[in-house]
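Side-chain atoms are counted along with the backbone in the values below, which use heavy atoms only and exclude waters and symmetry mates. Being a predicted model, the structure only gives us computed values, none of them experimental. In listed order, ligands and their atoms are each counted from 1.
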Amino acid sequence: MQAFQPEEVIVERGSETTSIYRNLREKLPHVPFKIVDGVANGDSDFSARGFGTAKKKLVLTRHKGEFLKKCPGSDGQVCCNYFVINFASNCPMDCSYCYLQEYLAENPALKVFSNVDDLLIEAAKLLSKHRAFFFRIGTGEITDSLALDPYIGFTREVVPFFAEQPNALLELKTKSDCVDGLLDLDPKDRIVVSWSMNPQRVIDLDEHGTASCAERLRAARRCQEAGYRLGFHFDPMVEYPDWEQDYEEMLEQTFATVDWRRISWLSMGVLRNTPGLKRTMRDRFPSTRLLTGEQVLCPDGKLRYFQPLRVEMYRKMLGWIRRAAPTVKVYLCMESKEVWEQVFGFAPGCEKELGIQLANFGF
Ligand code: SF4
């Protein structure tokens with residue numbers, strides 16, 4: 001995978017004393033750095049210049065609100081009771097279907113938050129206050145968990161902290177192969193490194209700047225050998241002629257590369273759009289074929305394939321998964337109870353139940 005190199009790093013004054021700044025300086029010696037008094041107006045500049053342009057410069061700033069939030073899920077869909085840490089905003093890669101194009105349209109600057117110490121204090125307070133609750137926490141909600149790690153070294157600050165927490169699992173979700181910084185840390189079975197997966201044909205057409213399928217699997221294997229738990233998200237699944245062959249082969253490659261007993265969870269979800277996101281995709285990626293398939297508007301305002309097609313896709317995937325990994329935990333992302341029942345023969349009673357099932361992998 002070609003490593004991302006920002007054209008410029010814009011640093012909000014006050015962030016020059018942080019470890020993230022020092023890491024950036026050390027790893028990007030040829031990139032110009034500019035210290036500014038505030039980045040409050042930066043977003044309108046970035047948004048005027050376009051979403052793709054905003055990804056080329058990196059902004060280092062303090063995060064002023066809370067770092068940890070409950071994943072918003074999607075109205076009326078089964079939720080998996082997940083928490084998110086926003087350590088950065090936007091992503092250096094550029095998938096044509098990325099929902100951030102709509103979600104961050106007014107706020108597109110590629111930002112990394114420098115005050116990781118505040119993040120760790122907030123997390124320690126929350127986890128110690130609710131020791132009876134088991135938290136699944138991810139960092140890949142509005143960015144990729146690892147794509148910037150070679151420059152910012154964020155995981156070297158948070159992995160040792162979360163490895164010591166008795167009531168949390170930290171998930172690092174990525175489409176990159178940037179795992180070098182993880183390999184000499186001890187995850188103590190508390191860290192899940194996970195990959196969003198698609199066949200190479202989908203990656204070539206619609207996952208611009210990401211690692212290839214083979215690179216993602218090689219990185220997963222290296223993490224497994226270093227003691228990490230693994231996760232895979234087959235999401236967004238895309239329907240096209242021959243999709244079955246491509247997805248079945250991808251699953252065979254996955255289970256031939258990693259030990260499925262080290263997989264904490266797999267998820268499946270089909271392509272989701274909104275009318276607004278489709279307009280943006282048409283502008284930014286006019287030749288994508290993701291705009292051509294039929295989709296229906298669901299009660300949560302998202303467009304998805306017709307329900308019978310979704311159920312068929314999930315059932316086929318589940319059959320291929322079960323053939324290789326008979327008891328691995330599989331769940332659906334942002335799907336209704338009816339779809340759960342048709343695919344698995346049951347639906348979780350409540351979000352808490354699904355969260356507990358996913359967290360409980362043998363402690
Ligand atoms: S890797 Fe994820 S966050 Fe980055 S552009 Fe692709 S979908 Fe968006």
Side-chain angles (χ1 to χ4, degrees), residues 1-6 46-47 50-59 69 71-72 74 82 84-113 138-152 154-155 171-179 192-213 215-217 219-220 231-238 250 267-274 276-278 280-281 283-285 288-291 302-304 333-334:
M1 178 186 166
Q2 174 114 35
F4 163 74
Q5 288 267 343
F46 280 112
S47 114
F51 195 82
T53 310
K55 288 171 177 265
K56 294 184 181 152
K57 296 190 180 188
L58 195 100
V59 177
K69 297 197 169 76
C71 173
S74 202
Y82 194 70
V84 292
I85 288 177
N86 292 328
F87 74 97
S89 178
N90 211 341
C91 170
M93 300 179 276
D94 207 8
C95 304
S96 56
Y97 54 75
C98 181
Y99 87 106
L100 298 180
Q101 296 172 97
E102 188 178 30
Y103 188 71
L104 297 177
E106 302 303 320
N107 191 12
L110 174 57
K111 288 185 208 152
V112 175
F113 301 119
T139 60
E141 186 69 11
I142 57 168
T143 188
D144 182 278
S145 294
L146 295 177
L148 294 167
D149 210 51
Y151 308 115
I152 64 175
F154 173 73
T155 56
E171 179 177 28
L172 303 168
K173 194 195 296 188
T174 190
K175 285 194 183 95
S176 80
D177 60 354
C178 302
V179 298
V192 180
V193 192
S194 69
W195 277 266
S196 299
M197 296 294 288
N198 250 317
Q200 191 57 44
R201 205 187 306 215
V202 176
I203 295 174
D204 289 341
L205 289 174
D206 287 299
E207 297 186 350
H208 312 287
T210 64
S212 69
C213 185
E215 286 169 334
R216 293 179 208 184
L217 288 176
F232 291 96
H233 301 281
F234 303 105
D235 190 354
M237 288 164 52
V238 179
M250 174 189 62
S267 77
M268 301 188 287
V270 294
L271 181 68
R272 300 176 285 285
N273 277 317
T274 61
L277 179 55
K278 278 189 123 168
T280 304
M281 288 168 68
D283 278 353
R284 296 195 63 227
F285 302 101
T288 178
R289 64 181 172 188
L290 301 184
L291 296 165
K302 294 195 169 72
L303 295 154
R304 293 176 175 82
C333 189
M334 293 193 191

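I152 CD1 to L58 CG: the interatomic distance, rounded to the nearest 0.5 Å, is 8.0 Å.
Shown here for Y151 and A3, the closest heavy-atom pair between the two residues is OH-CB, 3.5 Å. Of all heavy-atom pairs spanning A109 and V59, the tightest one is CB-CG2, 4.3 Å. Taking all atoms of both residues into account, the shortest heavy-atom contact from P108 to A105 is CD-O, 3.9 Å.
The closest donor-acceptor contact from the side chain of D206 to the backbone of Y97 lies at 3.5 Å or more, if one exists at all. In terms of modelled atom types and a separation under 3.5 Å, the side chain of K55 and the main chain of C91 share a donor-acceptor contact.
Protein atoms of type N, O or S found under 2.8 Å from atom 4 (Fe) of ligand 1 total 1.
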